[in-house]
Amino acid sequence: MILEALIGFTFVSALVVLLSPNEWAGRLAFALSLIPFVGSLSLWSGFDGSGNALTGGDIAYQTQMEWLEVGGRSVSWFVGLDGISLPLVVLTTFLVPLAIVSAWTPIDDRQSQFYGLMLFMEANLLGVFTALDFFLWFVFWEAVLVPMYFLIGVWGGPRRKYAAIKFFVYTNAASLVMFIGFMSLTFALGDSVSSFALPEITQAIAAGDLGTWFGISPDRIAMVAFLAMFAGFAVKVPIVPVHTWLPDAHVEAPTPVSVLLAGVLLKMGTYALLRFNFTMLPDQASALAIPIAAIAVISVIYGAMLALAQKDLKRIVAYSSVSSMGYVILGLVVFTEYGVGGATFQMVAHGLISGLMFMAVGVVYNATHTRMVGDMAGMADRMPITVGILVAGAFGYMGLPLMAGFAGEFFIFVGSLSAPTLPYAPVFTALAMFGIVIVAGYLLSAMQSTLFGPFELETDYDVGPAPFHDVAPLAVLLVAIIVLGVAPDIFFEMIRDAAVPVVEGVSVDG
């Protein structure tokens, strides 16, 4: 029961830190957060699952125990890992300790509460990526909102209350829409399923067990459920036009919270889209391939154009996330081995790169107390190591070869160029590639204005090299990005094994 131990230990750690004195809560949180990371590495080293957990593949580290009964169906504690969820578990446990260290400088108030909420959020994120029963998954899914709301609302910037409420309302309303869509599927399956286990529901739908419900045909139920779930998960990704909560949340959130928001929480949306929409209802996804691909490309281009117009470094990186998630949606909808596998790999790659970018911007802000492009210049002379890592991370965002971002985008483009279920696939791919040009434009422009040239600073602060504990997490993230770019099969082989059943489950005719 190693997954139970991993999740349970993280919950207990959150409680211990919450009750600890403020003066050593940060160090204690970091020490305790290393245990789940070591545990995830143990899971990785011993992983022997094959295929996709929802389509009948072997589930690694599986535990299933009946919990209660709802509406004649059992709800169980059902957890396990496959090649899609394991990389995201490792990503989560890797980013949390680094985010905690990045909080040592900016967080100086109510520290035990801050770090306790960070660990509580980690525990629920692990639950989201391992739960295989819908109700158990939904409990973890909703519980993630609570610590994030307080982390933004209490420790955020001047408009923190507005940003926290907007985040909570958007994502909670989206969860309601998604919940209604999924429950319509379970009711339409009738007696063909006896539980809310996701593998059982997925296989029942694939077997054609959807029936008529209140006179509505199975095909129409499936399509309505797909649209409702897609709309709900799209807010969490987020994709255009339901992205407006994200920049406000990022700008007001403290740096370590932005790191986890971009690095892990956004992946909840794309992970859920893959698990629910594209695995459970592949034919509906194929039938809507053109509009979904159009939404993906619009998100790529529009997000990049919005980033190009920003002057706040945090807003630039925030809108970059909208653009990057568009590539993930494109990879999912093409239903090819490299497309779906590349989309999952890109989730991990973007988690690392966006975490690095937000963390580096936070280190610059700690020294200058401004994030505005026009307020500073020549940071490279005063903070050479921080600036060097920031520039390297920006090139990773641009898709520099031998970095994780390039590998993810390359896999997606290879998979999308010959997609059998997506008409005009080369056109959508070419348009999405154009987003890389815009990314290079706004990142190079922002770096040129703020990092190079004669030193200038509008605020009255003495800028010097960042402390070691601020720079160390940046260096660790950069090394991980390069390692994953040089050797993508660290994760991609297991991801591909789990992606194949998803691809095989869709009809080429849509």
- Item | side-chain contact (heavy atoms from CB on, under 4.5 Å) between Ile495 and Phe411, worked out | CA-CA 12 Å; Ile495 290 172; Phe411 291 145; over 6 Å; no

- Do Phe406 and Phe413 have their ring centres less than 6.0 Å from each other? no

- Is a side-chain donor-acceptor pair under 3.5 Å present for Ser175 with Glu142? yes

- Query: Roughly how far apart are Ile84 CD1 and Arg496 CZ, rounded to 0.5 Å?
  - Reply: 13.5 Å

- Note on the structure: Output for pair (Leu54 CG, Ile201 CD1), nearest 0.5 Å, gives 9.0 Å

- Do Ser299 and Ile329 come close enough that some side-chain heavy atom pair is under 4.5 Å? no

- Task: Please determine which of Thr63, Thr130, Leu126 meets the side-chain contact (heavy atoms from CB on, under 4.5 Å) test together with Leu3.
- Result: Thr130

- Query: If only atom types and distance count, is the side chain of Tyr61 paired as donor or acceptor with the main-chain N or O of Leu43 below 3.5 Å?
  - Reply: yes

- Query: How many angstroms lie between CD1 in Ile152 and CZ in Phe167, if you round to the nearest 0.5 Å?
  - Reply: 5.5 Å

- Message: Which heavy atom of Arg73 sits nearest to which heavy atom of Val193, and what is that distance?
- Response: NE-CG2, 3.4 Å

- Message: On a heavy-atom basis, which atom in Ala131 and which in Leu198 lie closest, and how many Å separate them?
- Response: O-CD1, 4.3 Å

- Query: Taking C-beta and beyond as the side chain, do Val503 and Val340 meet within less than 4.5 Å on heavy atoms?
  - Reply: yes

- Item | Short side-chain to backbone donor-acceptor contact, Ser33 and Phe30, under 3.5 Å | yes

- Task: Report the C-alpha separation of Val16 and Leu119 in whole Å, then their side-chain angles, then the decisive distance to 0.1 Å, and conclude whether the side-chain contact (heavy atoms from CB on, under 4.5 Å) test is met.
- Result: CA-CA 10 Å; Val16 170; Leu119 291 174; over 6 Å; no

- Message: Would you say that Ile490 contacts Trp44 through its side chain, given a criterion of any heavy-atom pair below 4.5 Å between the two side chains?
- Response: yes

- Item | Ala225 to Leu185 - nearest heavy-atom pair and separation | CB-CG, 3.6 Å

- Task: Measure the shortest side-chain to side-chain distance between Leu330 and Val300 over non-hydrogen atoms and say whether it is less than 4.5 angstrom.
- Result: no

- dist Asp219:CG -> Thr212:OG1 (nearest 0.5 Å) comes out at 9.5 Å

- Taking the side chain as C-beta and beyond, is there a heavy-atom pair between Tyr149 and Asn172 under 4.5 Å? no

- Task: Give the minimum heavy-atom separation between Gly83 and Phe47, together with the two atoms involved.
- Result: N-CZ, 3.7 Å

- Student check: side-chain heavy atoms of Phe94 and Leu477 closer than 4.5 Å: yes

- Query: Under 3.5 Å, is there a donor-acceptor pair between the side chain of Tyr327 and the main chain of Gly342?
  - Reply: no

- Message: Given 3.5 Å as the limit, does a donor-acceptor pair link the side chain of Gln62 with the main chain of Gly80, or not?
- Response: no

- Between the side chain of Glu252 and the main-chain N/O of Ala164, is any donor-acceptor distance below 3.5 Å? no

- Item | Side chain proximity check, Thr10 to Thr93, heavy atoms < 4.5 angstrom | no

Which side-chain N or O atoms in residues 236-249 pair as donor and acceptor under 3.5 Å with protein atoms at least two apart or in another chain?
{"from": "Thr244", "atom 1": "OG1", "to": "Tyr170", "atom 2": "OH", "distance (Å)": "3.0"}
{"from": "Trp245", "atom 1": "NE1", "to": "Val235", "atom 2": "O", "distance (Å)": "2.9"}
{"from": "Asp248", "atom 1": "OD1", "to": "Arg315", "atom 2": "NH2", "distance (Å)": "3.3"}
{"from": "Asp248", "atom 1": "OD2", "to": "Lys166", "atom 2": "NZ", "distance (Å)": "2.9"}

- Atom CZ of Phe410 with >12 non-hydrogen neighbours under 6.0 angstrom: no

- Closest heavy-atom pair, Gln346 versus Glu409, reported as atoms and distance to 0.1 Å, is OE1-N, 3.8 Å

- Message: Taking Glu66's backbone N and O only, do any of them form a donor-acceptor pair with Ser76's side chain (distance below 3.5 Å, no angle check)?
- Response: no

- Apply side-chain contact (heavy atoms from CB on, under 4.5 Å) to Ser184 and Phe187, showing your working. CA-CA 5 Å; Ser184 67; Phe187 285 124; 5.8 Å; no

- Considering all heavy atoms of both residues, which atom of Pro256 and which atom of Phe114 are nearest to each other, and what is their separation? CG-CZ, 3.6 Å

- Working to the nearest 0.5 Å, report the span between CE of Met118 and CE of Met148. 8.0 Å

Enumerate, atom names and distances included, each donor-acceptor pair closer than 3.5 Å involving a side-chain atom of residues 259-279, sequence neighbours excluded.
{"from": "Lys267", "atom 1": "NZ", "to": "Ala262", "atom 2": "O", "distance (Å)": "2.5"}
{"from": "Lys267", "atom 1": "NZ", "to": "His350", "atom 2": "ND1", "distance (Å)": "3.0"}
{"from": "Thr270", "atom 1": "OG1", "to": "Lys267", "atom 2": "O", "distance (Å)": "3.2"}
{"from": "Tyr271", "atom 1": "OH", "to": "Phe129", "atom 2": "O", "distance (Å)": "3.4"}
{"from": "Tyr271", "atom 1": "OH", "to": "Arg275", "atom 2": "NE", "distance (Å)": "3.1"}
{"from": "Arg275", "atom 1": "NH1", "to": "Asn52", "atom 2": "OD1", "distance (Å)": "3.3"}
{"from": "Arg275", "atom 1": "NH1", "to": "Asp82", "atom 2": "OD2", "distance (Å)": "2.9"}
{"from": "Arg275", "atom 1": "NH2", "to": "Asp82", "atom 2": "OD1", "distance (Å)": "2.8"}
{"from": "Arg275", "atom 1": "NH2", "to": "Asp82", "atom 2": "OD2", "distance (Å)": "3.1"}
{"from": "Asn277", "atom 1": "ND2", "to": "Phe226", "atom 2": "O", "distance (Å)": "2.9"}
{"from": "Thr279", "atom 1": "OG1", "to": "Leu274", "atom 2": "O", "distance (Å)": "2.6"}

- Would you confirm whether Ser324, through its side chain, and Ser321, through its main-chain N or O, come within 3.5 Å as a donor-acceptor pair? no

- Task: Measure the OG-CZ distance between Ser286 and Phe335 for me, rounded to the nearest 0.5 Å.
- Result: 7.0 Å

- Should Leu288 and Met223 be marked as a side-chain contact (heavy atoms from CB on, under 4.5 Å) after you check the CA-CA gap, both sets of side-chain angles, and the distance that decides it? CA-CA 9 Å; Leu288 295 171; Met223 182 59 73; 3.6 Å; yes

- Task: Check whether any side-chain heavy atom of Ser195 sits under 4.5 Å from a side-chain heavy atom of Val75, and report yes or no.
- Result: no

- Message: Are Phe134 and Phe179 an aromatic pair, judged by ring center distance below 6.0 Å?
- Response: yes

